[in-house]
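Computed from heavy atoms alone, side chains included, the values below leave out hydrogens, waters and symmetry copies. As the structure is a computational prediction, the values presented were derived from the model and not from experiment. Every chain is numbered from 1 and lettered A, B, ... according to where its sequence line falls, protein lines coming before strand lines.
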Amino acid sequence: DVKVTQSSRYLVKRTGEKVFLECVQDMDHENMFWYRQDPGLGLRLIYFSYDVKMKEKGDIPEGYSVSREKKERFSLILESASTNQTSMYLCASSPREEPYGYTFGSGTRLTVV
Amino acid sequence: DAKTTQPPSMDCAEGRAANLPCNHSTISGNEYVYWYRQIHSQGPQYIIHGLKNNETNEMASLIITEDRKSSTLILPHATLRDTAVYYCIVRGGVSGTYKYIFGTGTRLKVLA
């Protein structure tokens, strides 16, 4: 069964910590995405990558960075975690060519205290 | 990408068909309609997509109007496990424009 795996289901970090959220897919997909989901705001795109070492900002990139050194792995980095980054983080991947569906991971619920 | 409009919530009796509408009046000719659902505390799950013709798979049917300005997702025999938030998304068929824009979706509640 094809999968997108996020390294942690729940995470608690302190304000100011550097936080790494890892995502791995086993479908050889070119595209990978990071979203955050908050009540009443839906899913909002943070960053995406359409190839190894390539990245593009989504709608809310402030306070985040990403790394894609290998095709199967896409990391989201919170350089200095803040309480307003408490959220559910969702990783997804897709093939490059339309039409295609995204495959999402199960999510990481991050709490910054 | 075209914007979509969905009702915020709907109820459906178990065993009956659930018909979820979506308005996408600004859709352009090369944009697909996609449907996803999200069950509580899980990542969204792809359901179905279409361009012009009606589509059916093991999960659902998608009916797209002739002018493509609206569509309906049909779950033919809803079960309690279909209770979820359903998202309708339209996005382009031009390779290189990769991102989806998720709205707030329709919260479907299937009642026993």
K.L.:
Is it the backbone or the side chain of A:Arg44 that comes under 4.5 Å from a heavy atom of chain B, or both, or neither?
P.N.:
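Neither the backbone nor the side chain of A:Arg44 comes within 4.5 Å of chain B.
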K.L.:
What's the verdict on side chain to side chain donor-acceptor pair (under 3.5 Å) for B:Tyr86 and B:Arg37, showing C-alpha distance, side-chain angles and the deciding distance?
P.N.:
CA-CA 4 Å; B:Tyr86 288 78; B:Arg37 73 179 183 184; 3.1 Å; yes
K.L.:
Determine the interplanar angle of the B:Tyr87 and B:Phe102 rings, folded into 0 to 90°, and report it as parallel if under 30°, tilted if 30 to 60°, perpendicular if over 60°.
P.N.:
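Aromatic pair B:Tyr87/B:Phe102 classed perpendicular.
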K.L.:
For A:Gln37, is it the side chain, the backbone, both, or neither that has a heavy atom closer than 4.5 Å to a heavy atom of chain B?
P.N.:
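Only the side chain of A:Gln37 comes within 4.5 Å of chain B.
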K.L.:
Can you tell me if B:Asn19 uses its side chain to pair, donor with acceptor, with the backbone of B:Leu73 under 3.5 Å?
P.N.:
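Judged by distance alone, no pair lies under 3.5 Å.
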K.L.:
Considering only heavy atoms, which portion of A:Leu90 lies under 4.5 Å from any heavy atom of chain B: side chain, backbone, both, or neither?
P.N.:
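Only the side chain of A:Leu90 comes within 4.5 Å of chain B.
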K.L.:
Hey, do the aromatic rings of B:Tyr34 and A:Tyr102 have their centres closer than 6.0 Å?
P.N.:
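So the answer is no for these two rings.
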